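Nothing here was measured: the structure is a model prediction, and the numbers come from that model.
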Amino acid sequence: MIEEKCRLDANNLNIITLGNFNVFNCGRNLTDEFNSSLKIWDLFKYLVTFRDELVLPEKILDSLWPEAEYTDPKRTLRALIFRLRKVLNGHNTSDANSIIVYSHGCYKLETKKACVIDVVEFEKTFHEAYYISKEDADKAIEQFKKVVDMYKGEYLSGTYGHDWLLPARNHYRRIFLHSVYEMSELLKEQKRYLEILPICEKVLKHEMFEEEAHFRYIEALAAAGKIKQAKNHYKYVEDIFEREMGVKPSDALRKLYRLLFGEISKNGIDISTISESLREEFYSNGPMLCEPDIFKFLYQLEKRRSERYGQTAFLGLLTLSMPDYTLPPKGMLKNGAEELRQVLLSSLRKGDVVTEWNEAQFLLSLPGLNVQQAHKALDRIQNRFMSARKNINLVLQRKIEEVLPSSNFFETRPG
């Protein structure tokens with residue numbers, strides 16, 4: 001009676017899959033007690049991975065032991081299921097009282113029956129964090145932190161050689177990384193750079209060659225004033241990538257290094273500073289104004305992030321012209337460009353990026369907007385410019401693209 005009550009308590013059958021695989025029941029570590037039963041634990045891992053799905057016996061055996069031949073696959077699996085139920089439930093091996101059920105000639109692990117699986121909680125917590133991140137950054141940070149803390153290593157880390165395992169393993173890895181990057185973005189917006197460091201360090205503990213984690217780690221170190229550590233970490237990344245993989249860091253990481261520390265000559269002397277090499281202007285409550293090369297780099301980063309997370313990024317093109325679409329005279333164009341620059345800096349959000357592409361055109365990176373919002377932003381800029389311009393013959397043309405246009409999209413001469 002006591003055993004039955006304990007077994008039906010959902011908090012007492014706990015299945016741990018992130019990192020080391022363990023199954024606990026009533027405080028007992030079943031995987032330790034039955035550590036020689038490798039075959040039934042492989043079977044259980046398969047059922048956990050495909051939980052709540054009915055799977056044919058033949059498919060289970062072929063997935064787990066494709067080289068083996070069975071004269072009676074159903075009988076073979078039935079015997080393994082019996083042994084597995086005995087380990088999980090003690091002497092009670094009946095189908096009615098087991099989390100492993102048989103229906104329509106198939107088996108499945110039914111999660112509604114007295115079990116708690118860490119990846120189910122892991123995924124649920126992630127979705128909750130992502131949902132509230134749009135409304136409450138502080139709560140989202142705490143929730144994402146729970147997700148990160150729950151990740152003790154890759155899914156079923158001690159199990160190898162099974163193709164069926166890879167999609168699930170990659171799925172939970174992506175949730176972990178997505179949580180880290182979402183959390184680091186929220187912390188970055190609040191300038192809590194020191195808090196970004198430990199979560200990046202946890203990624204690098206499990207994923208040494210995850211370059212985006214190195215990127216964010218170096219960026220956070222530099223922003224927190226730990227310049228020497230940031231430089232040293234880049235050198236470490238450069239060394240380990242070349243030594244272990246025979247490759248150099250990506251263009252994005254190398255550009256970040258130049259962005260933060262300037263170009264380094266062969267004799268190791270710093271020959272430029274951030275302001276000299278980039279000539280960026282930062283506004284506490286407005287967008288970032290940068291050179292075209294840096295704009296391209298930052299936009300490509302935003303585009304990669306958008307593709308990974310399924311979000312949309314927009315590129316806005318603003319062109320100064322005469323009413324007949326010809327290029328304005330130099331004096332008029334210069335004054336108009338300065339007027340437009342001031343309108344952009346006062347109209348755009350912190351996080352938007354602006355560059356003066358040429359004497360007649362400005363490019364805007366507008367992350368986190370949908371199509372309607374992006375058009376409204378350009379409408380607002382156009383209306384403010386038309387009200388502020390000193391020469392009524394100057395016209396502002398606008399265009400929106402969802403991807404970075406090719407070089408022939410940009411013309412010095414509008415029209």
Side-chain angles (χ1 to χ4, degrees), residues 14-23 31 41 45 48-49 117-130 133 140-188 192-221 224 226 229-230 232-250 252-253 256 301 304-305 308-309:
N14 293 291
I15 304 165
I16 310 300
T17 61
L18 293 172
N20 295 325
F21 174 71
N22 282 290
V23 180
T31 39
W41 286 128
K45 291 171 187 177
V48 169
T49 301
I117 306 175
D118 61 343
V119 286
V120 174
E121 298 302 311
F122 177 73
E123 200 161 4
K124 177 184 175 184
T125 307
F126 166 74
H127 288 303
E128 289 172 354
Y130 192 75
S133 66
I141 288 170
E142 290 304 312
Q143 201 74 353
F144 278 126
K145 187 177 185 303
K146 291 179 184 177
V147 180
V148 173
D149 289 342
M150 291 171 72
Y151 194 81
K152 307 300 183 184
E154 67 180 2
Y155 179 73
L156 298 176
S157 60
T159 306
Y160 296 98
H162 296 300
D163 292 342
W164 53 265
L165 186 57
L166 297 180
R169 182 170 286 170
N170 291 332
H171 173 68
Y172 299 122
R173 176 182 177 273
R174 284 196 301 271
I175 289 178
F176 169 60
L177 293 176
H178 195 160
S179 298
V180 167
Y181 300 145
E182 286 287 333
M183 182 178 171
S184 65
E185 281 297 312
L186 294 171
L187 290 169
K188 182 179 172 182
R192 294 160 62 180
Y193 304 114
L194 291 175
E195 294 178 53
I196 296 174
L197 302 179
I199 64 169
C200 287
E201 287 166 357
K202 178 163 185 178
V203 176
L204 299 177
K205 177 183 176 182
H206 298 292
E207 306 280 348
M208 177 51 65
F209 298 103
E210 175 63 23
E211 195 170 276
E212 187 166 350
H214 288 293
F215 185 102
R216 290 171 182 268
Y217 189 64
I218 293 169
E219 186 182 49
L221 282 170
K226 298 178 180 294
Q229 285 180 249
N232 288 342
H233 190 79
Y234 176 83
K235 294 300 182 185
Y236 164 74
V237 172
E238 193 175 44
D239 176 66
I240 197 171
F241 271 54
E242 190 162 354
R243 177 161 40 86
E244 299 291 335
M245 301 174 65
V247 299
K248 293 184 178 297
S250 69
L253 198 55
L256 175 68
L301 284 181
R304 285 174 59 196
R305 191 175 293 119
R308 173 177 287 191
Y309 300 148

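Sorted by first and then second residue, the pairs that involve residues 164-179 and meet salt bridge (charged side-chain N to carboxylate O under 4.0 Å, His left out), not counting sequence neighbours, are Glu154-Arg169, Arg173-Glu207, Arg173-Glu210.
Judged as a side-chain hydrogen bond (donor to acceptor under 3.5 Å, both in side chains), and not counting sequence neighbours, the contacts of Lys188 are Glu219. With sequence neighbours excluded, no residue forms a side-chain hydrogen bond (donor to acceptor under 3.5 Å, both in side chains) with Tyr193. Considering only residues two or more places apart in sequence or on other chains, Ser179 meets the side-chain hydrogen bond (donor to acceptor under 3.5 Å, both in side chains) condition with none of them. Partners of Thr49 under the side-chain hydrogen bond (donor to acceptor under 3.5 Å, both in side chains) rule, at least two apart in sequence or in another chain, are Tyr155. His206 meets the ring-ring contact (aromatic ring centres under 6.0 Å, His included) test with Tyr151; sequence neighbours excluded.
Salt bridge Lys235/Asp239: absent, no basic N to carboxylate O contact under 4.0 Å. Under the 4.0 Å criterion applied to side-chain N and carboxylate O atoms, Glu242 and Lys248 are assigned as salt-bridge partners. Comment: Glu201 does not engage Lys205 in a salt bridge, judged by the lack of any side-chain N to carboxylate O separation of less than 4.0 angstrom.
Residues Ser157 and Gly19 come closest through the heavy atom pair OG-O, 2.8 Å. Here the closest non-hydrogen pair linking Ala129 and Ala140 is O-CB, 3.9 Å. Of all heavy-atom pairs spanning Phe215 and Leu253, the tightest one is CA-CD1, 3.6 Å. Of all heavy-atom pairs between Phe122 and Phe176, the closest is CZ-N, 3.9 Å. The nearest pair of heavy atoms linking Ile218 to Ala230 is O-CB, 3.8 Å.
Residues Phe241 and His214 are in side-chain contact: their nearest non-hydrogen atoms beyond the backbone lie under 4.5 Å apart.
For the pair Glu211 (side chain) and Ser250 (backbone), a donor-acceptor distance under 3.5 Å is present. With hydrogens and angles ignored, the 3.5 Å screen pairs a side-chain donor or acceptor of Asp118 with a backbone N or O of Thr17. Distance alone, capped at 3.5 Å, places no donor-acceptor pair between the His171 side chain and the Leu166 backbone. Proximity of a side-chain donor or acceptor of Lys202 to a complementary backbone N or O of Val148 within less than 3.5 Å is detected.
Atom-to-atom distance recorded for Cys200:SG and Met183:CE is 10.0 Å, nearest 0.5 angstrom. The structure places CD1 of Ile141 at 4.0 Å from CG of Leu187, a figure rounded to the nearest 0.5 Å.
In this structure, Tyr236 has its ring center closer than 6.0 angstrom to the ring center of His233.
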